[in-house]
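The next block holds one structure in the form of structure tokens; read it before the comments.
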Amino acid sequence: MTLPPLLLVDGHNLLYRSWYGFPTRVLSHDKSEDRTGLFGFVALLRKAQRLHAPGHEVFVVFDAEDGADARIAQDSDYKANRAVETDAGLIGSLKHVKAALDHAEVRWIEHDGCEADDVIATLATLAREHPEEAAAVIDRIVQAARRD
């Protein structure tokens with residue numbers, strides 16, 4: 001059985017880019033909730049699939065809440081240049097994004113102790129090293145902005 005190619009997406013990265021990348025805020029109809037993260041995430045994900053991966057199955061990978069802990073324990077400079085405070089609206093958007101993915105029947109994962117880019121790299125490495133066992137990951141496209 002031949003499986004369709006897979007578009008692997010770093011969910012937190014896409015949500016972050018959506019939240020801070022739009023020039024104006026997108027509010028709910030009653031103007032009580034900021035929906036910029038949800039709107040941007042869905043719009044950018046659809047555009048990426050339409051333009052770069054038509055016919056691909058989409059699989060979104062999110063950072064676990066404790067995803068960076070092990071790396072920070074090894075290297076105190078890891079993510080030291082990033083702001084400690086994260087906008088509450090950005091974090092609040094996460095539950096709406098996951099609900100939208102569930103509604104659209106787009107599979108997603110959040111693996112305890114792992115960051116999304118590490119999970120994506122692991123899947124890509126397994127596909128390269130064990131193509132017969134990872135046929136579902138062979139012809140894959142990865143969408144992530146980080147390079148580390």
Side-chain angles (χ1 to χ4, degrees), residues 3-128 134 136-148:
L3 297 172
L6 188 63
L7 172 62
L8 296 169
V9 179
D10 182 329
H12 272 87
N13 179 275
L14 185 59
L15 179 57
Y16 184 89
R17 289 172 40 210
S18 300
W19 183 260
Y20 291 109
F22 277 77
T24 186
R25 306 317 296 164
V26 178
L27 302 176
S28 60
H29 289 295
D30 65 1
K31 310 251 187 271
S32 65
E33 288 190 61
D34 191 328
R35 298 289 191 195
T36 306
L38 174 62
F39 173 82
F41 186 97
V42 171
L44 291 174
L45 184 60
R46 288 182 62 207
K47 184 175 183 178
Q49 185 179 26
R50 187 176 66 248
L51 293 178
H52 305 293
H56 286 56
E57 181 180 349
V58 176
F59 191 82
V60 181
V61 183
F62 291 100
D63 297 336
E65 197 169 320
D66 64 344
D69 290 356
R71 211 177 271 171
I72 291 171
Q74 291 175 340
D75 179 7
S76 60
D77 290 335
Y78 181 68
K79 293 191 177 187
N81 61 337
R82 297 189 188 178
V84 175
E85 290 296 316
T86 302
D87 192 317
L90 171 64
I91 299 302
S93 295
L94 189 57
K95 67 180 177 216
H96 298 297
V97 166
K98 289 177 179 176
L101 292 172
D102 288 341
H103 182 74
E105 297 181 352
V106 173
R107 293 184 302 158
W108 60 270
I109 187 172
E110 182 176 309
H111 194 283
D112 289 342
C114 296
E115 292 183 292
D117 55 335
D118 295 326
V119 173
I120 291 170
T122 299
L123 291 172
T125 300
L126 286 172
R128 184 177 42 224
V137 191
I138 295 299
D139 184 21
R140 305 308 198 198
I141 293 175
V142 177
Q143 177 184 338
R146 287 184 51 194
R147 304 286 185 246
D148 57 344

Given 3.5 Å as the limit, does a donor-acceptor pair link the side chain of [X] with the main chain of [Y], or not?
X	Y	result
H12	D63	yes
R25	W19	yes
T36	V26	yes

Between [atom1] on residue [X] and [atom2] on residue [Y], distance to nearest 0.5 Å:
X	Y	atom1	atom2	answer
L94	L15	CG	CG	6.0 Å
R50	L45	CZ	CG	11.0 Å
I120	N13	CD1	CG	8.5 Å
H96	F39	NE2	CZ	15.5 Å

Taking atom CZ of F59 as the centre, does the number of heavy atoms from other residues, nucleotides or ligands within less than 6.0 Å exceed 12?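 Yes, because the 6.0 Å sphere around CZ of F59 holds more than 12 heavy atoms from other groups.
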For the residue pair [X] and [Y], what are the closest heavy atoms and their distance?
X	Y	value
G113	A64	N-CB, 3.6 Å
P54	H52	CD-C, 3.5 Å
R35	S28	CG-N, 3.9 Å
S93	G37	OG-CA, 4.0 Å
V60	V58	CG2-CG1, 4.1 Å

Can I get a per-line list of side-chain donor-acceptor pairs under 3.5 Å for residues 101-108, giving both atom names and the distance, sequence neighbours left out?
unit_1: D102; atom_1: OD1; unit_2: W108; atom_2: NE1; d: 2.7
unit_1: R107; atom_1: NE; unit_2: E57; atom_2: OE2; d: 2.8
unit_1: R107; atom_1: NH2; unit_2: E57; atom_2: OE2; d: 2.5

Does any non-hydrogen side-chain atom of L27 lie less than 4.5 Å from one of D34?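 Answer yes - side chains close enough.
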